[in-house]
Every structure is written in structure tokens, then in C-alpha cells.
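This report concerns only the one structure given below.
In what follows, chains carry the letters A, B, and so on, assigned in the order in which the sequence lines appear, proteins first and then strands, with residues in each chain numbered from 1. Please read all numbers here as calculations on a predicted model, not as lab measurements.
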Amino acid sequence: MSASPPYLEVAVAAPLPQTLTYALPSSGEIPAPGQRVLVPLGGRLLTGYVLAVTQEKPAFRLKPIADLLDDFPVFPEGMVPFFRWVARYYHYPIGEVIRGALPGGLTSQSGRQIMATEAGLHYFLVEQPQLVHDHPWLASVTAKKKLSAATVRKLWRGKERRIIEQWGEQGLISVEQIISGATIGQKTETCVFLASEPLAPETLANLKPSEKKTLALLEEMLLPAPQALPRRELTKAYSGAAKALASLAGKGVLRLEERPVYRDPFGETPLFYPRPPQLTADQENGLAQLNPAIAKKKYAPFLLHGVTGSGKTEVYLRAAEATLALGRSVLVLVPEIALATQLEAHFLSRFGETVALLHSGLARGERFDQWQRVVSGKARIVIGARSAIFAPLGDPGLIIVDEEHDGAYKQEDSLRYQGRDLALVRGSQTGATVLLGSATPSLASYQHALSGKYTLLSLPTRIENRPLPQVELVDLQAVNTVSGRPPLFSPQLKQALRATLARQEQSLVFLNRRGFAGCMLCSDCGQAVQCPHCRITLTLHKGRGELVCHYCGYATNSRTVCTNCRSINLAPIGFGTERIEEELAGMFPKARIARLDHDTTRNRQDFLRILRAVHDREVDILVGTQMITKGHHFPHVTLVGIVWADAGLGMPDYKAGERTFQLLAQVTGRAGRGEQPGRVIVQTHQPTHYSIAAARDHDYPRFFEKETGLRKALGYPPFSRLINLVLDGEQEEAVQNRAEALAAKGKALRRYRKTGILGPAPAPLARLRGRFRWQILLKGTDLEELHSLCLELEQEHARLAGKVNLSVDVDPENML
DNA sequence: AGCACGCCGACT
DNA sequence: GTCGGCGTGCTC
């Protein structure tokens with residue numbers, strides 16, 4: 001058999017559902033899987049990712065690869081099946097999957113660069129200066145400044161293209177094809193290390209005063225963490241240090257090296273956590289099951305159910321040690337916001353240089369550096385937020401997902417993946433042990449643990465047997481007010497806030513409400529009006545005067561009766577953290593109040609700034625959404641108030657009960673970790689609701705039983721699978737028509753009998769950023785069928801042209 | 001996505 | 001009669 005020249009299977013960074021085949025570049029070089037290449041596609045050049053080298057020749061004429069972009073792969077070949085799986089399962093173009101997985105700034109595409117010729121300069125500046133006025137971009141060109149690639153693209157796509165081409169032909173400007181977009185720089189910091197050898201006495205005796213001072217300072221600063229210290233820390237403390245450090249390095253007293261530096265969010269040197277010599281019996285027991293699984297190098301999923309403060313971290317660390325000892329690598333996923341917690345410091349303390357960090361707070365260059373360290377094998381432990389599931393580790397033998405129940409693992413735009421679910425997929429592909437950890441496991445994970453699909457490990461007690469905090473429930477229905485409507489703050493909570501302020505301690509005030517959707521709340525039983533078919537809270541559409549189900553489209557007049565107790569005393573309700581902040585400011589004019597939610601924290605910096613203010617006791621009362629439950633423990637917070645614990649139960653979401661339980665359990669678990677036990681006051685309209693009562697009693701099994709029963713009865717996950725199809729566009733009618741057309745098409749396809757089509761219905765945020773949104777929910781137990789139906793509807797959508805956009809959300813968690 | 005091709009109204 | 005608008009379809 002003669003060897004034909006190989007062909008390359010390439011995923012192109014464009015929204016194509018399939019991969020494309022290219023011939024070898026003219027150089028004859030054969031790029032390896034994982035390398036980036038520049039490929040021609042429909043008259044332009046863009047980045048592609050080589051997935052495979054194949055001998056299979058397709059039936060059509062191939063174009064050759066235009067260029068190689070890398071000397072080495074940017075991801076290991078072993079990740080190719082993973083990318084394929086993700087693209088297929090989440091109905092997302094594979095090239096976009098890979099582009100999104102890689103650190104930013106690695107995507108090249110062809111563009112154009114516009115420059116003025118000598119003749120042009122004269123023409124535009126002297127002969128026809130009004131042209132510069134008419135075409136403002138000419139100002140940059142005549143000033144010999146480069147136009148950005150984005151600017152040129154916009155001009156080229158718009159009305160200016162003709163004139164640009166015309167002037168190009170006249171020789172007034174030059175239009176050159178360039179490759180742009182890939183912009184990556186290295187960023188490191190100079191760090192100081194003490195020499196490992198003890199110093200000779202004569203060296204020490206001959207030091208200059210400034211050198212002695214610097215050395216003393218260094219030793220002092222290194223004391224809490226005997227690792228590296230950034231040079232600028234020293235030069236900040238003592239301006240003579242820069243010079244002294246250089247000469248000390250020359251004398252061999254210390255080393256200066258370029259290193260990435262990891263910083264604590266509060267700007268302190270990371271704490272060093274020593275390896276504890278003793279484990280608890282529960283930790284030992286867990287590791288006795290984990291270690292053999294790790295050693296087998298086969299896929300083995302575990303659920304580590306441990307209450308807050310029970311020592312999950314040490315189990316992670318020991319499992320990581322065992323995995324590294326086998327020569328395999330470790331991937332640790334944490335919720336983005338929790339990256340500021342001690343977990344990262346624990347891993348750094350234990351494993352030092354072999355840890356890489358991947359999170360959204362890194363600058364582009366930093367992110368690229370971390371990526372390089374991983375792909376080159378220098379870093380064998382990766383800690384990161386959900387996107388770190390795409391970290392280019394060659395042979396992950398252990399994948400840890402901390403706080404696995406956390407909603408932050410679900411990406412809610414572009415590629416809508418679930419990081420925790422992908423951890424299991426990647427683990428099963430690479431033969432890894434997957435360790436999911438949580439104090440309040442997701443229903444699905446716990447279900448799998450009980451069914452034996454995962455192995456359940458338990459850490460039922462807190463270290464040192466500290467008690468869980470006492471939780472007081474306040475029934476808002478029972479609070480008497482002049483107006484007869486429940487108040488925002490009960491006398492109990494007001495009183496507690498006042499007392500806490502008087503003691504100069506801090507309070508946290510939660511409102512689990514980031515949604516905007518209003519609902520109708522029954523003033524007698526406290527329950528929100530629900531859909532008779534879906535048991536989902538109906539959303540109030542004020543304009544139409546209707547209550548609408550966002551799952552099935554059911555609508556009823558907003559003047560209705562309570563679905564629970566038939567009462568006619570229904571009141572529209574809807575308020576958020578902003579209102580709470582306002583009320584508090586009115587009640588306590590002298591208190592320093594801060595708010596932490598999506599509106600006040602545009603980015604990680606804002607988040608850390610507010611946390612820091614609380615940490616430094618510059619804030620008396622912190623108001624916020626679930627964001628405050630994560631991350632930090634503040635020792636001076638002695639009161640936690642939950643304004644409206646059942647707020648989440650009013651959301652149009654089948655997971656409302658689960659979310660509510662998790663939130664309350666997380667909050668109450670967090671209080672009382674300091675020396676004082678702390679007080680938790682939970683205000684609610686539904687004190688007997690199972691989610692709220694079980695959270696008060698720290699009773700996960702009770703919650704699980706009840707919630708599982710409800711889900712099963714209604715056929716919601718984990719007893720079925722969902723795919724949400726969201727249509728959006730500028731014209732409401734077009735969107736609604738398309739939604740109806742697709743739903744009708746789906747219902748007409750008789751071969752998908754086992755899959756239900758709910759809707760179409762207006763999306764819970766029916767108008768978002770000026771676009772109208774409708775959705776169709778697919779629900780079924782047959783995964784195969786569900787996905788083929790989805791695929792057919794996508795094809796139907798593509799066939800029907802129009803300015804309506806379709807996005808697919810597989811396993812939706814939050815349909816807002 | 002973005003570019004080419006193709007089919008209809010208002011200009012020389 | 002052409003220019004140039006945008007709607008559809010394909011990209012190895």
C-alpha cells in the first residue's frame with residue numbers, strides 16, 4: 001500500500017458545524033494535532049486548529065493550508081476527542097469551542113492595512129482637504145497612524161469600501177492584506193529567593209549597611225511564607241533595596257528570577273499552610289477509597305459530601321499528592337468568585353511552582369503564560385474557574401470540582417457548558433478520578449451517589465466539632481403592619497441590626513434576588529401563583545395584565561386566585577437589593593452601608609475592593625445577593641440577616657427549591673466559624689416550606705427526599721433532560737413567528753414521540769438589550785432523541801432565513 | 001461570521 | 001441602461 005500524502009482535518013475558527021479537510025502547505029511540513037494553522041476559507045484567511053492527520057481523501061478539491069502558526073501544539077492531541085464531544089453535545093461549532101478554550105489573543109485572521117502614498121498625502125492634505133473632513137478615518141491615515149484591524153474591517157464592510165478601493169486604484173492609498181489579531185506578550189515579575197546554601201561568615205561581615213538592611217527586611221518578609229518575594233515589595237518598603245538586591249545577587253546571597261507571582265486578593269503575601277501531620281478518621285476513610293481509585297488510572301467519580309469546615313481541602317491535597325506521585329497531573333475547578341479563597345493558597349503552599357492558575361482576573365499575557373506553563377508540562381496542577389476544564393493538561397489523573405453545586409459552573413452565554421459535567425466527561429475520556437465536593441451537593445450529583453454511579457464519601461462533622469449555628473426563622477406573614485402588607489424588615493431583624501451596630505460589629509444582609517421578573521404573591525399563604533401544568537411561578541407581564549408561564553406559555557389574567565389556598569388577596573411583588581440598601585440607609589443614617597451584587601461589581605477588582613472594605617471594617621452593613629455567601633469569612637460579622645428567604649421560590653425556575661436550600665445552607669454554614677457563634681435571622685413568608693425548614697435544621701437528606709419526589713412527579717431533571725432553544729431578534733413578530741414555526745415543526749415530527757416540546761413562550765426576560773426573546777423547551781428522557789430533535793430544529797431554523805437568532809442551551813440551569 | 005452571488009429600485 | 005441595495009447560501 002503506497003502512502004498518499006496526508007490530509008489535515010482542521011476545525012476552523014468560524015461558526016461551521018463541521019470540520020474541514022485541507023491539503024498540506026506548499027512547504028510540505030506536516031503540522032501536528034493541536035497546532036494552529038492559517039487556512040483559506042471562502043476568500044479569506046483565518047485560524048484553524050489541526051485535529052488529525054488523515055489519509056482519507058475527500059471527494060472534492062482541497063485547498064492547501066496557507067501557513068503554520070505554531071512551532072508546537074497549543075493543546076495536547078488527547079484533548080481532540082474532548083473538543084469533539086463538547087461541540088456535539090452543546091450544539092456549538094467546534095472551531096468556536098476551541099477558540100473559546102484557548103487563551104485570548106491567539107486567533108489570527110486576515111485583515112487589511114490602509115496607508116497613504118506620497119501622492120495621496122499631497123492629494124488629501126493640500127488638494128482636497130475637505131475629503132479628510134468627509135472621511136474622518138483619513139485623518140489617521142494622513143497622519144501616518146495605523147488604523148486598527150477592527151476599524152478597517154468596519155470601513156470595508158460599510159459604505160467606505162468602494163471609495164477605498166477606488167483610491168487604491170488611483171494610487172492615493174495602499175491597501176495591503178495583513179494577518180492580524182494574534183497579540184501575545186509575556187508578563188512576569190522579578191522575584192527574590194534566598195540562597196539555599198548558608199552564608200559564609202566573611203561574606204556576611206563584609207556587607208554594606210544597605211545590603212544588611214535589605215537582607216534583614218527580606219528575611220522578615222519571607223518569614224510567613226518561605227517562598228519567593230516580588231522585588232517590588234522590597235523596593236516599596238525600602239528605596240535602597242533595588243541596588244542592594246543586585247549586589248547581593250552578585251555575591252550569591254540571593255537569587256533574582258523572573259517568575260509569575262500569585263497574590264492574595266487583599267494584597268497580602270499568601271499565607272503558608274503547613275501539611276497537617278494528622279488526618280481525621282473521616283478524612284482517612286475518604287482517602288482509603290480515593291487512593292486505590294487514583295492508582296488504577298481508570299475513570300472513577302466520587303462525591304465528597306462534607307459540611308463547611310469539615311476539612312475537604314486536605315482530602316483534595318492528599319489526593320493530588322497521590323496523583324502527582326503517579327506522574328499524572330491534577331485539575332482543580334473552583335467557582336470563579338471563590339478563587340479569592342484559601343484553596344489556592346493551600347495548593348500553592350503544598351505544591352509551589354508546579355501550580356498554574358487560570359481565571360478571568362488574569363491579564364491576557366498572564367493567562368497566556370499560565371497556559372504555556374501547562375501545555376509545556378512545567379505546571380502539573382491547574383486551579384481555575386470553569387473554563388479551566390479546557391486547560392491543556394496532557395494526562396489529568398485527578399479532576400476536583402470544589403463546591404460542585406455552584407451555579408457558576410454553568411456558562412450562560414456563547415458556549416453554554418456546565419464545567420462540572422465536563423469534568424466528568426473529561427475524566428471518563430482520560431481515565432481520571434473525578435472528585436466532586438460540596439456541603440450541599442446538587443440534586444443530580446447526590447442522586448448519582450445514592451444510585452452507585454458515583455462513590456459517596458462523607459465528612460459529616462466539623463473539625464474540632466464546632467457546632468453549626470442556630471438559625472431563627474421569622475414568619476413575615478405573622479408580622480403586623482399598619483398597611484397589612486408584610487414589611488421588608490421584621491422588628492426582630494431591625495432590632496438585631498441596631499444592636500450589632502451599637503456593638504460596632506458588622507452585619508450581612510442578603511436578598512437572594514437578582515432576577516427582575518415580578519410575580520403575584522398570596523398575602524394569606526405566602527406562595528407565588530404557579531402554572532397549573534408546570535408548577536413554575538407565573539411571571540407578571542404588567543403591560544398585558546397577564547401572568548405567563550415561561551415554560552409552557554400558559555397565560556391567565558393577573559386578577560386570579562392563589563393556586564395554593566384559593567385566596568383572592570394577591571399582591572404583585574418585586575424588589576431587589578437596591579431597595580434594601582435604600583431602606584437600610586433610611587433606618588440607620590449613620591451606618592456605613594455597602595452593596596455587593598451584579599450591578600456594583602462589574603469585574604473582579606470591584607468585587608475585591610468591596611470585600612476588602614468589609615475586611616478592613618470600613619463597612620457596617622453589607623447588602624448583597626448570593627455573591628456574598630461565597631468567598632470570604634469575615635471575623636467581625638456577627639449578624640446575618642436574610643430579608644426574603646423565599647424570594648428565589650418566586651422565580652420561574654424548576655430549580656427554585658434547590659437553589660433556595662443551597663443558598664440558606666451556605667449562609668448558615670458560613671456563620672459561626674469565628675470565635676463567636678453569630679446570629680442568623682431568616683425572614684420568610686413560607687416558614688414551613690421544605691427548602692427553608694430543612695436549611696434551618698441543616699438537614700440535607702430531608703431536603704433531598706422532598707425535592708426528588710417533586711422532580712420525579714413532574715419529570716424534571718435529573719429524571720429527564722432539557723434543551724432550551726432561545727430565539728431573539730429586533731422584531732418581536734419575527735421572533736414569535738419563528739418560535740411558533742419551530743415548535744410546530746417539532747410537534748409535526750412524529751418520530752420524536754418520547755420528547756416533549758413545551759412552548760413556545762416568551763423568555764423570562766422577554767426583552768433584553770433591545771431584543772425580543774422567545775423560547776422553546778425540549779424535555780425528554782431519551783438523550784439520543786432529544787439531541788436529534790434539537791438538530792433538526794436548528795436545521796429548520798437555518799433553512800428559514802430572517803433576522804432571528806437561535807441559541808441552544810443544553811441542560812439549562814437558569815432560564816433567565 | 002463574512003464573503004460571493006444574484007435579483008430588484010433610483011440615478012447618469 | 002448601470003449602480004448599489006440587501007437577501008440567501010456556502011465555505012475544504
Provide, to the nearest angstrom, the distance between the [atom1] atom belonging to [X] and the [atom2] atom belonging to [N].
X       : N       : atom1 : atom2 : result
L24(A)  : dC12(C) : CG    : P     : 17 Å
E96(A)  : dG2(B)  : CD    : P     : 10 Å
E796(A) : dT8(C)  : CD    : C1'   : 15 Å
R44(A)  : dT11(C) : CZ    : P     : 13 Å
K63(A)  : dC3(B)  : NZ    : C1'   : 11 Å
L41(A)  : dG9(C)  : CG    : P     : 18 Å
L45(A)  : dT11(C) : CG    : C1'   : 13 Å
I94(A)  : dA1(B)  : CD1   : P     : 18 Å

>> With ring-ring contact (aromatic ring centres under 6.0 Å, His included) as the test, pick out the partner of Y417(A) among Y409(A), F390(A), Y92(A), Y89(A).
In response: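 Single pass found, and it is F390(A).
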
May I ask you to say what [X] touches in the nucleic acid, namely base, sugar-phosphate or nothing, with a heavy-atom cut-off under 4.0 Å?
X      : answer
L16(A) : base
P58(A) : nothing
F60(A) : base
P93(A) : nothing

> Yes or no on ring pair (Phe, Tyr, Trp, His ring centres under 6.0 Å) for F83(A) and Y49(A), after CA distance, side-chain angles and deciding distance?
Replying inline: CA-CA 11 Å; F83(A) 287 133; Y49(A) 312 96; 8.2 Å; no

>> Hydrogens and angles aside, do E9(A) and T19(A) bring a side-chain donor and acceptor to less than 3.5 Å of each other?
In response: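 The criterion, which ignores hydrogens and geometry beyond distance, is satisfied for T19(A) and E9(A).
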
Tabulated below should be each protein N or O lying under 3.5 Å from an N or O of nucleotides 4-8 of chain B; please produce it.
none

Are any of the side-chain heavy atoms of [X] and [Y] separated by less than 4.5 Å?
X       : Y       : value
T430(A) : F82(A)  : no
N737(A) : E733(A) : yes
E77(A)  : V53(A)  : no
L51(A)  : P33(A)  : no

Distances under 3.5 Å only, N/O to N/O: pair up the protein atoms with those of nucleotides 4-7 of chain C.
residue, atom, partner, partner atom, Å
dG4(C), OP1, R162(A), NE, 2.9
dG4(C), OP2, R162(A), NE, 3.1
dG4(C), OP2, R162(A), NH1, 3.2

>> Any salt bridge linking K410(A) with E813(A)? Criterion: basic side-chain nitrogen under 4.0 Å from a carboxylate oxygen.
In response: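 Salt bridge flag = no for E813(A) with K410(A).
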
>> For the backbone of D70(A) and the side chain of Q35(A), can you confirm whether one donor and one acceptor N or O come within less than 3.5 Å of each other?
In response: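 Here the side-chain-to-backbone pair exists.
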
